[in-house]
There are 2 protein chains.
Amino acid sequence: MHTETKDEMQEKILDAALKRFTHYGASKTTMNEIADDLHCSKASLYYYFPDKNAMHMAVLERIAEAYFQEMEKETQQVKSASKALNNIIEIRRIFVSKFCRLEIFKILQDGNSFFYAGMIKAKKREIEIHTEIIKAGIASGEFKVKHPAKAAELLVQSLMGLRFSVPDHFRNDADLNEEQFAQVIEKQKQLLEIFIKGMKA
Amino acid sequence: MHTETKDEMQEKILDAALKRFTHYGASKTTMNEIADDLHCSKASLYYYFPDKNAMHMAVLERIAEAYFQEMEKETQQVKSASKALNNIIEIRRIFVSKFCRLEIFKILQDGNSFFYAGMIKAKKREIEIHTEIIKAGIASGEFKVKHPAKAAELLVQSLMGLRFSVPDHFRNDADLNEEQFAQVIEKQKQLLEIFIKGMKA
DNA sequence: TTTTGACCTTGAAACTAAAAAAGTCAAAAA
DNA sequence: TTTTTGACTTTTTTAGTTTCAAGGTCAAAA
């Protein structure tokens, strides 16, 4: 490894880890495999990250950051709030289809409180983004909503819930195939449409 | 057992089974326990039901029938479609809080196709009931919807999905505590409100 | 300061034995 | 003839154990 800074090496490790994760799933990837990919020893990995979990979290935070940044770009200069909300669904669709293979929920081993806290935070941020858009919609006269934050929370939760209720499996931990995923997206768009009508009234 | 007909005895078995299920959960109930409650032998149970699974299904079908009948009563003589949809949420709330302890989803052992088919059927029936109410709402001029069946499907799936997306656990198989359950119901009512507004537009 | 081989520790499969529950049946009872 | 049952076999679950790969540590080397 001929990197200049500690940070650079951490980034390289995260790159290698993410590559493995998206190909084979995070739970099937070992520290040795990542080390081998980088032509370094496993012990080196532990010089940059305290443990496997911290590395997993770093990978997750990185992709989450890209996700939210793309979303927040959408909240800047909103021409139409309706359009912005639709775009958000599309952003989420692309994000999920890109990273679904890393089996994010298999990492959540028994009450990992860091992961849990991170998910809560992500949820909040997603709702905040929706709140901003709805507020913009109110400002432009597009929507008539009393409590934008409440409406945003409800919208996000309703859209998210469809991921579990639309597919006909009753083992809700299983992940979705292409067709099921497409159906969920379609239903999300339909719900958003009627939800928007509801916010206009 | 001094019952007159085979049917009566089957009913008694179903009564005893349901009692056990709601107290201790279906997965924790053995055929011997049910037999003991009835002061009969386990072999007798097998005279009336081919196997444990068939008995489970019979119990499920019975409570499902009561559930749907109460719902269908709501579709008769609808004064206000909005009110009817709200009442349905209340019916479901009471039903779930009454039967949540029987741990219905632990029965679904690996690909039980009968259970699966039953759930699909129940889902359809629930959507049909909502379709009827929405159609009534259209007839009375309360709603303006092009495809009542599609709207009903979307509404039911959206409401159902909240059960998974509102609680902050990410192990979505766990069942809900009192507070989480109350939050889900509250969110369902909020969503219904805005969904109704959307159908009026 | 960074890297590493050698080493230790842990946790999750893979097996196993024992226990419990499911399911069967010929004979008895009604 | 229909229903019930005790005694039985088979299947599933559970608890305990072994084993091994993967996680994690450290003193020495680069």
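Quick note: numbers below take in every heavy atom, side chains included, and nothing from hydrogens, waters or symmetry partners. Residue numbers start from 1 in every chain, and the chains themselves are labelled A, B, ... in the order their sequence lines are given, proteins ahead of strands.
Of the residues near DNA chain C, A:Lys42 and A:Tyr47, the one whose nearest nucleotide (by heavy atom distance) lies more toward the 5' end is A:Tyr47. Of the two residues contacting DNA chain D, namely A:Glu33 and A:Pro50, the nearest-nucleotide position lying further toward the 5' end is that of A:Glu33.
The environment of CD in A:Glu179 is sparse: at most 12 heavy-atom neighbours from other residues, nucleotides or ligands sit within 6.0 Å. Within 6.0 Å of NZ in A:Lys123 there are more than 12 heavy atoms belonging to other residues, nucleotides or ligands.
At whole-Å resolution of the value, CG in B:Leu45 and P in D:dT3 are 15 Å apart. Atom CG in A:Asp36 sits roughly 11 Å away from atom P in C:dT4 (whole-Å rounding). Going from atom CG of B:Leu38 over to atom P of D:dT5 covers 10 Å, rounded to whole Å. Rounded to whole Å, the distance from NZ on A:Lys12 to P on C:dT3 is 10 Å. In this structure, A:Lys28 places its NZ atom 11 Å from C1' of C:dA12, rounding to the nearest Å. What separates CE of A:Met55 from P of D:dG24 is a distance of 10 Å, to the nearest Å. B:Met31 has its CE atom 15 Å from the P atom of D:dT12, to the nearest Å. One can place CG of B:Asn32 at 11 Å from P of D:dG6, the figure rounded to the nearest angstrom.
Among the nucleotides C:dG23, C:dT2, D:dG23, the one closest to the side chain of B:Lys52 is C:dG23. Distance from the side chain of B:Asp51 is smallest for C:dG23 among the nucleotides C:dT4, C:dG23, D:dG24. For A:Tyr46, the side-chain atoms get nearest to D:dG23 when compared with the rest of C:dA22, D:dG23, C:dT4. Nearest to the side-chain atoms of B:Lys6 among the listed nucleotides C:dG23, C:dT3, D:dT3 stands D:dT3. If you check D:dG23, D:dG6, C:dA22 against the side chain of B:Ala43, the one that comes closest is D:dG6.
Counting any heavy atom pair closer than 4.0 Å across all strands shown, A:Ser44 reaches a base atom. The residue A:Ser41 sits close to a base: some heavy atom pair falls under 4.0 Å.
Considering A:Arg20, A:Lys19, A:Lys42 in turn, A:Arg20 is the only one that fulfils the salt bridge (charged side-chain N to carboxylate O under 4.0 Å, His left out) rule with A:Asp37.
Here C:dT2 sits opposite D:dA29 as a Watson-Crick or G-U wobble pair (both hydrogen-bonding atom distances under 3.5 Å).
Taking the six-membered ring wherever Trp is involved, the centroid distance between the rings of A:Phe21 and A:His56 falls below 6.0 Å.
Side-chain contact of B:Glu11 with B:Tyr48: a donor-acceptor pair under 3.5 Å is absent, judged by distance alone.
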